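Just so it is clear, the model here is predicted, and its values are computed rather than measured. Reckoned from all heavy atoms, side chains included, excluding hydrogens, waters and symmetry mates.
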Amino acid sequence: MLKSHACGELGTEHIGREVVLAGWVHRRRDHGGLIFIDLRDHDGIVQVVFHPQEGPEAFRVADAARSEYVLQVRGTVARRPAGTENPNLPTGEVEVRATGARVLNAARTPPFYVDDDSDVEELLRLKYRYLDLRRPRMHRNIVVRHRLAKAIRDFLTERGFLEIETPILTVPTPEGARDFLVPSRIHAGRFYALPQSPQQYKQILMVAGFERYFQIARCFRDEDLRADRQPEFTQLDLEWSFAEEDDILSLIEELMVSLARCFRPDVKFPSPFPRLTYEESMERYGTDKPDLRYGLELHTFSDILAGTQFGVFRQVLAEGGEVRGLCLPGGAEASRRQIDEMTEVVKHLGAKGLVSFALMGEGGLDSLAEDDVRSPVARYFSVEEVRHMALRAGARRGDLLLLVADRPKVANRALDGLRRYLARRLGLADPKTFSFCFVVDFPLLEWDEEDGRWYSVNHPFTAPKAEDLPLLDSDPGRVRARAYDLVCNGWELGGGSIRIHDRELQERVFRLLGLGPEEARASFGHMLEAFEFGAPPHGGIALGFDRVVALFCDEDDIREVMAFPKTKSATEPMTGAPGPVTDEQLRELHLRIREE
RNA sequence: GGCCCCGUGGUGUAGCGGCCAACAUGCCUCCUUGUCAAGGAGGAGAGCGCGGGUUCGAGUCCCGUCGGGGCCGCCA
């Protein structure tokens with residue numbers, strides 16, 4: 001080894017010890033007759049002092065060293081002279097007095113500062129990711145990622161779960177996200193698909209009798225990227241035979257609690273995790289992944305406004321739309337400009353506009369008078385209507401009612417966005433709270449207007465709730481699934497379901513999805529066949545591991561917790577992926593590039 | 001597929017129709033023995049992503065294009 005100690009581990013207990021360190025020049029402070037170098041390695045930073053008398057050779061090395069040079073330093077750990085301790089550094093009570101040093105490798109001047117504070121363009125960071133990852137925060141994120149993975153493996157191993165690998169080269173499926181395809185050299189015109197998740201394999205493992213499976217699995221989806229979505233990502237995938245909803249939710253709750261206690265003792269979280277139904281979540285928050293750290297709950301006012309004089313609302317209601325909205329406490333004083341901004345937010349999300357009512361004046365709502373209601377459209381609304389809405393929304397004088405009228409889907413999307421916008425603007429979301437919750441009872445199916453057919457909300461193996469089975473033929477849209485999501489602070493951390501283990505029910509669901517026996521056999525024949533050989537009832541869940549890590553690292557973008565993420569346009573600037581291939585490679589794969 | 005923001009020395013920004021494109025930081029040289037974003041003095045370094053247009057004149061306005069980012073759609 002070229003080093004005896006790590007820079008970051010040195011402390012007062014090492015005083016007097018001779019050490020050999022190796023690391024990078026984090027910062028160099030040249031006082032002419034005395035040079036300080038902050039030496040950084042994987043574990044941290046320590047100050048090295050170079051005296052021309054104590055180590056003339058070492059001093060010459062320090063004189064020539066520059067940022068990011070790789071140095072080996074021999075020296076003695078010493079207590080810093082009184083008054084020169086650095087409380088900002090974990091090793092700040094000591095320093096290493098260099099007696100010898102050599103340059104292990106010089107370095108070009110880095111394109112950006114290796115420092116947490118420098119705000120560098122994403123492209124540059126990714127192109128020089130090895131420098132970006134040297135920054136303490138990024139470095140720490142990758143370490144935390146590893147520790148979380150280990151903690152999860154230990155937790156599940158203790159509970160009898162077995163980590164089993166599943167193939168990366170698998171078969172394309174018609175349902176779900178766009179597949180990444182890998183052409184087969186041996187079979188002309190045929191393709192492997194990279195797994196969107198190990199879904200089918202893990203269910204087959206249940207049929208194989210392993211009962212408790214998990215995997216920290218790489219997954220691939222060829223869809224557009226977001227802050228919380230990469231084409232290549234990692235799932236904590238889990239499947240459990242003979243388990244029911246409560247077993248899986250309890251297990252996941254226990255797991256998250258143990259991780260939070262261990263990794264983020266500074267945060268609060270609810271116990272037990274609240275569970276709300278999909279319907280309730282949509283009604284109260286307009287989304288299936290609500291941020292429960294703050295209120296601003298949504299309300300429906302359609303019934304109150306059934307006889308409204310306001311033409312815009314009347315028309316929306318006549319067309320089957322809803323008038324929904326929320327109350328912004330203390331918002332009555334909002335400026336025209338602020339309300340304009342809120343209007344922009346909802347318009348960007350598809351709403352036609354935003355109607356506001358400021359409740360002015362003093363006293364209870366009973367005494368609310370026409371003059372107390374300030375609104376651009378006040379003249380179309382009676383005081384009674386406004387009072388009723390205010391009562392339902394729990395509003396008081398001094399508050400602001402904000403209304404959107406549209407198809408439920410659009411109104412919810414707009415109000416969810418408005419709610420998050422307001423929370424961000426007003427700083428309502430406490431960063432020291434993990435507001436975990438489970439959203440349950442998702443609908444099984446969703447009607448697609450464009451394609452004119454039903455789609456699985458989760459995936460085709462999700463079991464319907466037993467009490468809703470009679471609706472399967474009569475009113476498929478109302479059938480609820482035995483599906484659940486884990487949500488935290490507005491992030492969908494994961495989801496899963498109890499699966500169908502009965503071949504006949506599976507075929508009914510396939511039929512509803514427009515898959516006849518032939519097509520079903522073509523795509524899922526292996527599953528159907530496996531289920532004929534004694535499939536145990538089973539269920540599972542998959543958590544977005546990158547999102548979990550980001551949550552624990554206090555990052556709002558999963559790229560910050562991935563070593564080598566991709567850009568928004570799915571490229572990898574360091575290697576240049578995706579790259580071109582030779583004609584010979586194409587020929588072997590039986591492919592030809594079509595000129596557009 | 002749609003909407004929005006950004007693109008100026010190595011890095012981060014300012015400049016928003018007209019003197020040699022400014023500031024900070026980094027870099028280089030010199031000075032400096034207790035700093036820790038060390039300090040002081042001096043210096044080099046960009047013609048404003050790319051292409052076209054408007055104009056007497058364009059980082060500055062317009063169109064296109066490329067790249068980065070945010071959002072909607074998409075993501076079983």
Side-chain angles (χ1 to χ4, degrees), chain A residues 26-39 45-54 59 66-68 80-89 91-92 95 97 108-128 131 173-179 196-197 199-200 219-231 233 344-351 409-410 413-414 416-417 420-421 442 444-446 448 450 454-462 481 483 492 495 497 509 513 523-524 542 544 556-557 559 566-569 571 573:
Chain A
H26 186 64
R27 274 214 175 78
R28 176 173 164 277
R29 291 177 294 280
D30 183 351
H31 288 234
L34 184 69
I35 297 172
F36 297 98
I37 284 180
D38 292 338
L39 198 66
I45 291 175
V46 72
Q47 171 168 283
V48 182
V49 195
F50 296 83
H51 277 273
Q53 290 83 32
E54 292 181 22
F59 185 82
R66 293 293 179 268
S67 279
E68 301 306 315
R80 290 191 182 200
T84 67
E85 301 88 354
N86 184 350
N88 301 320
L89 217 55
T91 60
E95 62 191 10
R97 302 181 151 252
R108 282 165 54 192
T109 300
F112 53 85
Y113 220 176
V114 178
D115 188 279
D116 282 339
D117 302 327
S118 37
D119 182 21
V120 187
E121 198 179 302
E122 197 67 26
L123 183 63
L124 204 64
R125 292 181 59 194
L126 293 181
K127 185 167 176 195
Y128 297 97
L131 298 179
T173 48
E175 295 280 312
R178 199 175 291 117
D179 283 324
Q196 296 177 27
S197 82
Q199 186 61 39
Q200 296 186 37
C219 304
F220 307 86
R221 293 177 191 175
D222 189 5
E223 298 290 348
D224 288 346
L225 289 79
R226 287 282 196 288
D228 61 352
R229 264 164 40 190
Q230 284 270 313
F233 63 102
E344 277 308 302
V345 170
V346 298
K347 278 188 170 172
H348 271 289
L349 296 170
K409 201 174 165 179
V410 175
R413 188 203 301 154
D416 168 45
R420 283 182 288 130
Y421 164 82
F442 278 79
L444 183 73
L445 301 163
E446 190 178 33
D448 185 288
E450 258 173 54
W454 293 102
Y455 276 95
S456 295
V457 168
N458 196 226
H459 56 66
F461 314 111
T462 303
E492 183 195 324
S497 63
V509 171
L513 296 172
S523 300
F524 303 111
D556 52 17
D557 192 318
R559 278 179 297 207
K566 300 205 168 30
T567 64
K568 196 66 196 304
S569 57
T571 64

**Student:** Partner of rU54(B) by Watson-Crick or G-U wobble geometry, both contacts under 3.5 Å, or none?
**Tutor:**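 Matched rU54(B) with nothing under the 3.5 Å cut-off.
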**Student:** Between rA14(B) and rC6(B), how far apart are the two P atoms, rounded to whole Å?
**Tutor:**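 Between the two P atoms, the distance is 10 Å.
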**Student:** Is there a donor in the side chain of Q47(A) and an acceptor in the side chain of R29(A), or the other way round, less than 3.5 Å apart?
**Tutor:**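 There is such a pair between these side chains.
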**Student:** In whole Å, I'd like the distance from the CD atom of E446(A) to the C1' atom of rC74(B).
**Tutor:**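 Those two atoms, CD and C1', are 12 Å apart.
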**Student:** If you round to the nearest 0.5 Å, how far is CG of D222(A) from CD of Q196(A)?
**Tutor:**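 If I round to the nearest 0.5 Å, the distance is 9.5 Å.
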**Student:** Could you say whether S456(A) or F36(A) is positioned toward the 5' end of RNA chain B, judged by the nucleotide with the nearest heavy atom to each?
**Tutor:**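 In this pair, the answer is F36(A).
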**Student:** Report which part of the nucleic acid E344(A) touches: base, sugar-phosphate, or nothing (heavy-atom distance under 4.0 Å, all strands).
**Tutor:**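 Nothing: the residue E344(A), judged by heavy atoms under 4.0 Å, touches no strand.
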**Student:** Which atoms of nucleotides 40-50 of chain B (N or O only) lie under 3.5 Å from a protein N or O atom, and what are those distances?
**Tutor:**
none

**Student:** With sequence neighbours left out, write down each residue that passes salt bridge (charged side-chain N to carboxylate O under 4.0 Å, His left out) with E223(A), or none if nothing qualifies.
**Tutor:**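 Residues passing salt bridge (charged side-chain N to carboxylate O under 4.0 Å, His left out) with E223(A): R178(A).
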**Student:** Can you tell me if H31(A) is stacked onto the base of rG39(B), using a 5.5 Å centroid cut-off and an angle below 30°?
**Tutor:**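 Not stacked: fails the 5.5 Å / 30° test.
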**Student:** I'd like to check the ring-ring contact (aromatic ring centres under 6.0 Å, His included) partners of H51(A); sequence neighbours left out, ordered by chain and number.
**Tutor:**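 Once residues adjacent in sequence are excluded, H51(A) has no partner under the ring-ring contact (aromatic ring centres under 6.0 Å, His included) criterion.
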**Student:** Quick one, give me the B/S/- string for nucleotides 67-73 of chain B, reading 5' to 3', where B means a protein heavy atom under 4.0 Å from the base and S means that only happens at the primed atoms, P, OP1 or OP2.
**Tutor:** SSSBSBB
**Student:** Distance check, P atoms only: rG51(B) and rU60(B), in whole angstrom units.
**Tutor:**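 Their P atoms lie roughly 13 Å apart.
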**Student:** In whole angstrom, what separates D115(A)'s CG from rC36(B)'s P?
**Tutor:**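 Distance, rounded to whole Å: 15 Å.
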**Student:** With C1' as the reference atom in both, quote the distance from rA22(B) to rA46(B) in angstrom, rounded to an integer.
**Tutor:**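 To the nearest whole Å, 12 Å.
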**Student:** Give I35(A) one of three labels, base, sugar-phosphate or nothing, depending on what nucleic acid heavy atoms sit under 4.0 Å from its own.
**Tutor:**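 No contact.
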**Student:** Verify whether the ring centers belonging to F524(A) and F461(A) lie closer than 6.0 Å.
**Tutor:**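 Yes, ring centres under 6.0 Å apart.
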**Student:** Could you tell me how far rG12(B) sits from rC48(B) if I compare only their C1' atoms? Round to whole Å.
**Tutor:**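 My reading of the C1' atoms in rC48(B) and rG12(B) gives 15 Å.
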**Student:** When the P atoms of rC20(B) and rC62(B) are considered, how many whole Å apart are they?
**Tutor:**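 It comes out at 25 Å once rounded to the nearest Å.
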**Student:** What residues form a side-chain hydrogen bond (donor to acceptor under 3.5 Å, both in side chains) with Y421(A), not counting sequence neighbours?
**Tutor:**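 Only E341(A), R425(A) meet the side-chain hydrogen bond (donor to acceptor under 3.5 Å, both in side chains) criterion with Y421(A).
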**Student:** Sort out the partner of rG59(B) for me: Watson-Crick or G-U wobble, both distances under 3.5 Å, none otherwise.
**Tutor:**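 Per the H-bond distance test, none.
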**Student:** Check if the side chain of Q53(A) and the base of rU33(B) share a donor-acceptor pair of N or O atoms closer than 3.5 Å.
**Tutor:**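 Such a pair exists between side chain and base.
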**Student:** Report the residues that fulfil ring-ring contact (aromatic ring centres under 6.0 Å, His included) with F442(A), sequence neighbours left out, ordered by chain and then residue number.
**Tutor:**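 Per chain and number, F442(A) pairs via ring-ring contact (aromatic ring centres under 6.0 Å, His included) with Y278(A).
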**Student:** Tell me, please, which residues at least two apart from D179(A) pass salt bridge (charged side-chain N to carboxylate O under 4.0 Å, His left out).
**Tutor:**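 Scan of D179(A) (salt bridge (charged side-chain N to carboxylate O under 4.0 Å, His left out), adjacent residues dropped) gives none.
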**Student:** Which nucleotide in the set rU35(B), rU11(B), rU33(B) lies at the smallest distance from any side-chain heavy atom of P52(A)?
**Tutor:**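 Nearest to the side-chain atoms of P52(A), counting from C-beta on, is rU33(B).
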**Student:** Atom CD of Q47(A) and atom P of rU35(B): how far apart are they, to the nearest Å?
**Tutor:**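 Taking atom P of rU35(B) as the reference, CD of Q47(A) is at 10 Å.
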**Student:** For nucleotides rG52(B) and rC66(B), find the distance between their C1' atoms and express it as a whole number of Å.
**Tutor:**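 Rounded to whole Å, the distance is 14 Å.
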**Student:** Base of rG59(B) relative to its sugar, syn (within 90° of 0) or anti?
**Tutor:**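 Here rG59(B) takes the syn form, which means its glycosidic angle is within 90° of 0.
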**Student:** Syn or anti for rG47(B), given that syn means the glycosidic angle lies within 90° of 0?
**Tutor:**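 It is syn.
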**Student:** Sort out the partner of rA37(B) for me: Watson-Crick or G-U wobble, both distances under 3.5 Å, none otherwise.
**Tutor:**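 Pairing partner, where one exists within any strand: none, as none qualifies.
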**Student:** How many whole angstroms separate atom OH of Y128(A) from atom P of rG12(B)?
**Tutor:**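 These atoms are roughly 12 Å apart.
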**Student:** Expressed as a whole number of angstroms, how long is the span from E223(A):CD to rG1(B):P?
**Tutor:**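 Spelled out: CD on E223(A) to P on rG1(B) is 13 Å.
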**Student:** Just jot down the side-chain contact (heavy atoms from CB on, under 4.5 Å) partners of S197(A), sequence neighbours excluded, or say none.
**Tutor:**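 Once residues adjacent in sequence are excluded, the partners of S197(A) under the side-chain contact (heavy atoms from CB on, under 4.5 Å) criterion are Q199(A), C219(A), R221(A), Q235(A).
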**Student:** Return the pairing partner of rG12(B) with a 3.5 Å limit on both distances, Watson-Crick or G-U wobble; otherwise return none.
**Tutor:**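 rC23(B) - that is the nucleotide pairing with rG12(B), both distances being under 3.5 Å.
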**Student:** Check every strand shown and say whether P111(A) touches a base, only sugar-phosphate, or nothing at a heavy-atom separation below 4.0 Å.
**Tutor:**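 Contact class for P111(A): sugar-phosphate only.
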**Student:** Could you work out, with side-chain hydrogen bond (donor to acceptor under 3.5 Å, both in side chains) as the rule, every residue matching K127(A), not counting sequence neighbours?
**Tutor:**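 Here no residue qualifies.
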**Student:** Salt bridge check: are E68(A) and R66(A) linked by an N-O gap of less than 4.0 Å?
**Tutor:**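 Looking at R66(A) together with E68(A), the answer is no, because their closest N to O distance does not fall below 4.0 Å.
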**Student:** Write down the partner of rC3(B) under the Watson-Crick or G-U wobble criteria, each distance required to be under 3.5 Å.
**Tutor:**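 Looking at the geometry, rC3(B) pairs with rG70(B).
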**Student:** So, D115(A) and R27(A), do they make that salt bridge, N to O below 4.0 Å?
**Tutor:**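 Salt bridge: yes.
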**Student:** Once ring-ring contact (aromatic ring centres under 6.0 Å, His included) is applied, do any residues pair with H348(A), and if so which ones, sequence neighbours excluded?
**Tutor:**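 Expected list: none.
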**Student:** With sequence neighbours excluded, what pairs up with F233(A) under the ring-ring contact (aromatic ring centres under 6.0 Å, His included) test?
**Tutor:**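 With sequence neighbours excluded, F233(A) shows a ring-ring contact (aromatic ring centres under 6.0 Å, His included) to no residue whatsoever.
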**Student:** If I take atom CG in residue L131(A) and atom C1' in nucleotide rG10(B), what distance separates them, rounded to the nearest angstrom?
**Tutor:**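 It is 13 Å, rounded to the nearest whole Å.
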**Student:** Shorter than 3.5 Å, N or O on both sides, protein versus nucleotides 25-31 of chain B: list them out with atom names.
**Tutor:**
unit_1: rC28(B); atom_1: OP1; unit_2: R66(A); atom_2: NE; d: 2.8

**Student:** How far does the C1' atom of rC16(B) sit from the matching atom of rA21(B), given to the nearest Å?
**Tutor:**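 Taking atom C1' in both rC16(B) and rA21(B), they lie 14 Å apart.
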**Student:** Base, sugar-phosphate, or nothing for Q196(A), non-hydrogen atoms under 4.0 angstrom?
**Tutor:**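 Result for Q196(A) = nothing.
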**Student:** When only distance counts, do a donor and an acceptor, one from the side chain of R29(A) and one from the base of rU33(B), lie under 3.5 Å apart?
**Tutor:**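 Flag unset: no donor-acceptor pair detected.
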**Student:** For N88(A) and rA38(B), give me the distance from atom CG to atom P, rounded to whole Å.
**Tutor:**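 Rounded to whole Å, this separation is 12 Å.
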**Student:** Quote, to the nearest angstrom, the C1' distance that separates rG53(B) from rA58(B).
**Tutor:**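 One C1' to the other, the span is 11 Å.
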**Student:** Tell me: CG of D448(A) to C1' of rC74(B), nearest whole Å?
**Tutor:**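 Distance, rounded to whole Å: 11 Å.
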